[in-house]
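The figures here come from the full heavy-atom set of this structure, side chains too, leaving out hydrogens, waters and symmetry mates. Source: prediction; values computed, not measured.
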Amino acid sequence: MPKKEKLVLEDLPISQIDPNPDNSSLFSMDSVDHLAKIIDEEGFTTPIEVFKKKDGRYEITSGHRRYEAMKVLKQKTIPCYITSGYDSDTKKDRKLISSNIASRRLTPLEMARAIKLYKEILSKEKFKGDKRKKVAEYFNISESNVYRYECLLKLIPELQEFCNRPLFPYSCLREAAGLTKEEQKQLYDELISIEASMKNVAPDEIDKDEIVFSRTRIEQIINGKIRQKENALKKEQQEEEEDVFPMNEPEEETTEEVDFQILSDDEDEVVNFDEYVKSESINESINLAGLDQCIVTVKEYAKSSTSVSDKKALKSKIDELKKEIAKLENSL
């Protein structure tokens, strides 16, 4: 068990303290004014944690909101626990995550950002196990919730903004992460329009901080957009399949005599069909030119390269041809 570090408690000048530069991109500083009011009424009870940098200044490892609240109150000094610092960036990042988890309730978006940072820490430490499982254990949540939080980072900023509220039903936006940015923007506009319609005001007059969204309403809109996308994809696939073998316009009947050519048995020599009939003593009462032409066509298909969609269409036609051939055989 590692030896517990001895912390030094000291009042330090606020002017000599710097925030962790990564804190603002990960965790919001909401409710600082409210926290300042509590500190003003009840006193400052929990010192922040800092470490001394090489330039002689101090950097916060825990307590950014308390630090900002004391600045709001125009305090000159703040009680600090001074630690020995960190010998690696990953250890400092771990402390940034753990201190925020321990000190307050994170919003869904803050949790998503913290999960991303923790996974980056695991990569830098060359962790070889199941990252999602390790993340779930560290944050004390299920693996499925890890996935839901991660989906939030694929949303457009307008939708992410709603996820920066502690009680927002963030999991209902999981499917929205699969939509394009344009579709997500349409979803956002629709949510705002619904709220504006309910309050009988213009969409640009809506105070977004006061909107309370229904999980059911959001899921209905998202599912509707997903169904539209699936139906459009099905229609596109059907059109592609129909274009593989388009129906030709019927040709006008002609009285011209047509000379059919067939391949000889060695497939190298082209023989006139009339000559072939005479040489093979075929019964002239039956015109077999169509079948011979069919054989030639089948051989040509066998030689040509086909795409996956072409092969699917060919197999369907081959099945039809087999049925007709079977009928012909049975009639002989």
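Atom NZ of Lys37 has 12 or fewer neighbouring heavy atoms from other residues, nucleotides or ligands inside a 6.0 Å radius. For Lys52, the NZ atom sits in a loose shell: 12 or fewer heavy atoms of surrounding residues, nucleotides or ligands are nearer than 6.0 Å. Within a 6.0 Å radius of NZ in Lys116, no more than 12 heavy atoms belonging to other residues, nucleotides or ligands are found. For Lys91, the NZ atom counts as loosely surrounded, since its 6.0 Å shell holds 12 or fewer non-hydrogen atoms of other residues, nucleotides or ligands. With a 6.0 Å radius and a threshold of 12 heavy atoms from other residues, nucleotides or ligands, Asp319 has its CG atom above the threshold.
Between atom OG of residue Ser28 and atom CZ of residue Arg65 there is a gap of 7.5 Å, rounded to the nearest 0.5 Å. Taking OG from Ser62 and CG from Asn100, the interatomic distance works out to 7.0 Å, rounded to the nearest 0.5 Å. Put simply, NZ on Lys76 and CG on Asp11 are 15.0 Å apart, with the number rounded to the nearest 0.5 Å. Atom-to-atom distance recorded for Leu96:CG and Ile60:CD1 is 10.5 Å, nearest 0.5 angstrom. Once rounded to the nearest 0.5 Å, the distance linking CZ of Arg94 with OG of Ser88 reads 9.0 Å. Distance NZ/Lys134 to NZ/Lys128: 15.0 Å, rounded to 0.5 Å.
For Pro19 against His64, the heavy-atom pair with the smallest separation is CB-CD2, 3.6 Å. Arg57 and Ser15 make their closest contact through NH2-O, 3.0 Å (heavy atoms, listed as atom of the first residue, atom of the second, distance). Nearest heavy-atom pair across Glu183 and Thr180 is OE1-N, 2.9 Å. Counting all heavy atoms, side chain and backbone alike, Pro108 lies closest to Cys163 at CD-O, 3.2 Å. What you find for Tyr67 and Ile78 is that their closest heavy atoms are CA-CD1, 3.9 Å. When all heavy atoms are compared, the tightest approach of Ile39 to Met70 is CG2-SD, 4.1 Å.
Within the 3.5 Å criterion, the main-chain N or O of Phe51 finds no donor-acceptor partner in the side chain of Thr61. No donor-acceptor pair under 3.5 Å is formed between the side chain of Glu68 and the backbone N or O of Val32. Under the 3.5 Å distance criterion, the side-chain polar atoms of Asp40 are left unmatched by any main-chain donor or acceptor of Ala36. Judged purely by atom type and a 3.5 angstrom limit, Arg66 uses its side chain to pair as donor or acceptor with the backbone of Pro47.
Looking at heavy atoms from C-beta onward, Lys92 lies in side-chain contact with Asn20 at the 4.5 angstrom threshold. For the pair Phe139/Ile101, a side-chain contact is recorded, criterion being any heavy-atom separation below 4.5 Å from C-beta on. Within the 4.5 Å cutoff, the side chain of Glu175 has no heavy atoms near those of the Cys151 side chain. Side-chain contact between Tyr170 and Asn145 is present, with at least one heavy-atom pair separated by less than 4.5 Å. Two residues are said to be in side-chain contact when any heavy atoms from C-beta on lie closer than 4.5 Å; Lys317 and Leu321 fail this criterion. A heavy-atom distance below 4.5 Å is not found between the side chains of Asp22 and Asp89. Leu9 has its side chain out of reach of Ile82: every pair of non-hydrogen atoms, C-beta onward, lies at least 4.5 Å apart. In this structure the side chain of Arg113 never reaches within 4.5 angstrom of the side chain of Ser25, judged on heavy atoms.
Clustering ILVMFWY residues whenever any of their side-chain heavy atoms sit less than 4.5 angstrom apart, transitively, puts Leu153 in a cluster other than the one holding Leu179. Residues Leu187 and Met198 are members of one and the same hydrophobic cluster, defined by side-chain heavy-atom contacts under 4.5 angstrom among Ile, Leu, Val, Met, Phe, Trp and Tyr. Cluster membership for Leu109 and Leu117, using ILVMFWY side-chain heavy atoms within less than 4.5 angstrom, is not shared. Tyr81 and Tyr86 end up in different hydrophobic clusters when Ile, Leu, Val, Met, Phe, Trp and Tyr side chains are linked at under 4.5 Å. Grouping the Ile, Leu, Val, Met, Phe, Trp and Tyr side chains by contacts below 4.5 angstrom, directly or via other members, places Met111 with Leu152.
Under the 30°/60° scheme for interplanar angles, the aromatic rings of Tyr138 and Tyr118 are found to lie parallel.
The salt bridge (Lys or Arg N to Asp or Glu O under 4.0 Å) test with Arg132 singles out one residue from Glu150, Glu143, Glu137, and that residue is Glu150.
Under a 4.0 Å N-O distance rule, the pair Glu324/Lys327 qualifies as a salt bridge.
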